[in-house]
Amino acid sequence: MSGPDAAGDRTARDEASVDLVVAGAGGGLAGALAAAQAGLSVLVVDPDAHFLRGNNTSMSTAMIPGAGSRWQREAGVEDGPQRFLADIEAKTHGTADPALAAALARISAPLVEWLADGAGLPLGLVRDFSYPGHSADRLHTVEGRHGSTLLRHLHERVRASSRADLLTPARLVDVTRDAAGRVDGAVVEDPGGHRETVSTRAVLLATGGHGADRERVARYLPGIAAADYYGGQFARGDGLDIGLAHGGRAAYLDAYQGHAALARRSRTLVGWATVMHGAVMVDAGGRRFGDETSGYSEYAAALAQQPGARGWIVLDGRIRDLCLPFTDFRQTVEAGCLTWADDVEELAARTGCAAAALDEALSGQAAVATGVAARDRFGRTFFEEPLRPPYAAVEVIPALFHTQGGLVVDGHARVLGGDGTPVDGLFASGGAAHGISGHGADGYLAGNGLLPALGLAWQAATTLSTTAAPTATAPPVAVADPPTAAAETARTAPTVPDAR
């Protein structure tokens, strides 16, 4: 059951009892590594033999928020969990789960420091631009700013551990529980349909969200259902289904991360750094249609509503050079997606946009950039510099990157049942958990995908490895039953127990 990217040649028949089964070799590898470092035995299973380049973690820009990290202190950046939490509350308009958001904000700095010290990630603080919604420079990333680098580092550390094994391709299809309701087994299926049960103390559902399940996307995310999906092919809601089958509850299933900057020609990510450095987006006719700095996730839905559901990001040579540190952007450039022109008229002719509309867009950008105007007609107040010829344009389409709703968990990553008590031995992280982005696309902050993916996996390992694990009974969770689509998408934040 091994593939080209598999970490070993272990077969299901060889499995012995383990402390933890991790379902998903993306962000879940952080939990696997932390558990192994704590002396636990771990088995990681993933249905994708090519997980190192095919899941949501590997396809990310590897941006991880850490509020109050040592890199921030060295750079003189004032930040902390409360400020991060305030940013989450502001971006989600108060609809995010406050307890989970507070828990993840508190562990964000310790997490990035453990990733550097315990997992060997060569992290650095992003200072060259700021993402929408973050009031401080708190995003940390690796060289190349690509998730594949992050994932390879985690994979190498897990593979080197004598206490961890990886089994790919193999899919978790269920868990078993004893008479007391405690998880005691993981049912694993190989590509041929053969199933075996691995006895275990706990299971971490790190299977990703449900973005690859088009029927579920159409049901819960109709506003982005027609867009391209740019995520892992195995993010089909497996973890969600398993958790629900064992008494878990779901919330925020209408939440997602979209992106308005997927290159139409190459299906590579252009990236929002272009916009934050001063680029503008126009529709197919050359007209701007909003304040691009509101956020790349919600702008995907805005782009989807434009004629033909496509547009152009207009930039210049300065912005191109500033964005080259991003692997995704370099791939877009190398794919020949940038159309260059010496003036507005030539750019209009080469893109099919109206010259008058393009001229208005660039004139408005220049007015704000030079201080002639305090804001443009859409409310955008900042451009680093005026765009200067030669101009470049890249045609973009909206995309769904990953879902942000899932099983209700507490700050220890424990899956919670309908009465608010944890399902003993069952954890969830990343897209399998309910996240901190509120409802829809508007609440997504850069890093809000990787923080629950890595942070909750890390928390699950910490909780399992702690002998005095929290046992307090939590109050009921006011969330809708998943079978009812209308109820699931109700814009009411659930009451989730305090994770402290």
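Just so we're clear, the structure is a prediction, and the values are computed from it rather than from any experiment. Both backbone and side-chain heavy atoms feed into the values below; hydrogens, waters and symmetry mates do not.
With N55 contributing its side chain and F51 its backbone, the two residues share a donor-acceptor pair below 3.5 Å. Checking side-chain atoms of S58 against main-chain N and O of L151 turns up no donor-acceptor pair under 3.5 Å. Remark: side-chain polar atoms of N56 are paired, donor with acceptor, to backbone N or O of G232 under 3.5 angstrom. Between the side chain of H146 and the main chain of S148, a donor-acceptor pair closer than 3.5 Å is present. R182 places no side-chain N or O within 3.5 Å of a backbone atom of D424 that could act as its donor or acceptor partner. Panel note: side chain W272, backbone E292; a donor-acceptor pair is recorded below 3.5 Å. No donor-acceptor pair under 3.5 Å is formed between the side chain of S429 and the backbone N or O of A206. Between the side chain of R201 and the backbone N or O of L20, no donor-acceptor pair lies under 3.5 Å. The closest donor-acceptor contact from the side chain of R145 to the backbone of V142 lies at 3.5 Å or more, if one exists at all. A donor-acceptor pair is defined here as one N or O able to donate and one able to accept, closer than 3.5 Å; such a pair exists between the side chain of T403 and the backbone of H210.
Considering only heavy atoms from C-beta on, R265 stays 4.5 Å or farther from T332 through its side chain. Looking at H434 and P452, their side chains never come closer than 4.5 Å, going by heavy atoms from C-beta outward. Proximity of Q233 to H50: side-chain heavy atoms (C-beta onward) are nowhere separated by under 4.5 Å. With contacts defined as side-chain heavy-atom distances shorter than 4.5 Å, the pair L269/M59 does not qualify. Using a 4.5 Å heavy-atom cutoff, the side chains of F84 and L451 are in contact. Using a 4.5 Å heavy-atom cutoff, the side chains of L450 and T57 are in contact. Using a 4.5 Å cut-off on side-chain heavy atoms (C-beta onward), V408 and D97 make no contact. Using a 4.5 Å cut-off on side-chain heavy atoms (C-beta onward), T327 and R330 make contact.
Of all heavy-atom pairs spanning R320 and L315, the tightest one is N-CD1, 3.9 Å. Looking at every heavy atom in both residues, P169 comes nearest to P191 through O-CD, 3.4 Å. What you find for I319 and A279 is that their closest heavy atoms are CD1-N, 3.5 Å. Taking each heavy atom of G438 and Y252 in turn, the nearest pair found is O-CD2, 3.1 Å. Q404 and S437 make their closest contact through OE1-OG, 2.7 Å (heavy atoms, listed as atom of the first residue, atom of the second, distance). For L221 against L253, the heavy-atom pair with the smallest separation is CD2-O, 3.6 Å.
To the nearest 0.5 Å, atom CG of residue L445 and atom CD of residue Q257 are 11.0 Å apart. Rounded to the nearest 0.5 Å, atoms OG1 (T61) and CZ (F329) are 14.5 Å apart. Once rounded to the nearest 0.5 Å, the distance linking OG1 of T149 with CG of L154 reads 11.0 Å. In this structure, the separation between CG on L205 and CG on L172 is 6.5 Å, given to the nearest 0.5 Å. The CG atom of L123 sits 11.5 Å away from atom CG of L139, with the distance rounded to the nearest 0.5 Å. Rounding to the nearest 0.5 angstrom, the gap separating the CG atom in N448 from the CD1 atom in I88 is 5.5 Å.
With 3.5 Å as the limit, one finds no donor-acceptor pair spanning the side chains of S199 and D184. Between the side chains of D328 and T268, no donor-acceptor pair is found at a separation under 3.5 Å. Checked by atom type, the side-chain pair H134/D87 shows no donor-acceptor distance below 3.5 Å.
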Output, in order, the C-alpha distance, side-chain angles, deciding distance and verdict of side-chain contact (heavy atoms from CB on, under 4.5 Å) for D46 and L166.
-> CA-CA 8 Å; D46 196 290; L166 284 87; over 6 Å; no
Kindly determine whether Q459 and V409 satisfy side-chain contact (heavy atoms from CB on, under 4.5 Å), including the steps that lead there.
-> CA-CA 11 Å; Q459 285 289 79; V409 298; over 6 Å; no
Determine, step by step, whether R152 and E156 satisfy the salt bridge (charged side-chain N to carboxylate O under 4.0 Å, His left out) criterion, reporting the C-alpha distance in whole Å, the side-chain angles of both residues, the deciding distance to 0.1 Å, and the verdict.
-> CA-CA 6 Å; R152 285 188 183 278; E156 289 168 2; over 6 Å; no
side-chain contact (heavy atoms from CB on, under 4.5 Å) between H259 and Y230: does it pass, once the steps are laid out?
-> CA-CA 9 Å; H259 213 299; Y230 188 79; over 6 Å; no
Test side-chain contact (heavy atoms from CB on, under 4.5 Å) applied to M63 and T141, step by step = CA-CA 5 Å; M63 296 287 172; T141 191; 3.9 Å; yes
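The side chain to side chain contact (heavy atoms under 4.5 Å, CB included) test with V22 is passed by exactly one of T207, V44, L29: V44. Checking V112, D137, V77 one by one against Q72, the side chain to side chain contact (heavy atoms under 4.5 Å, CB included) holds for a single residue, V77. With S69 as the partner, the side chain to side chain donor-acceptor pair (under 3.5 Å) test is satisfied by one option alone out of E113, R138, H140: H140. A salt bridge (Lys or Arg N to Asp or Glu O under 4.0 Å) with D241 is found for one member of R236, R216, R171 and no other, namely R216. Of the listed residues (L43, L40, V42, T200), just one forms a side chain to side chain contact (heavy atoms under 4.5 Å, CB included) with D19, and that residue is L40.
Between Y256 and H402, the ring centre distance reaches or exceeds 6.0 Å.
Between R219 and E215 a salt bridge is recorded (basic side-chain N to carboxylate O distance below 4.0 Å).
Residues satisfying the salt bridge (charged side-chain N to carboxylate O under 4.0 Å, His left out) test with R177, not counting sequence neighbours, are none.
Summarising the local packing, CD of E78 is surrounded by 12 or fewer heavy atoms from other residues, nucleotides or ligands at distances under 6.0 Å.
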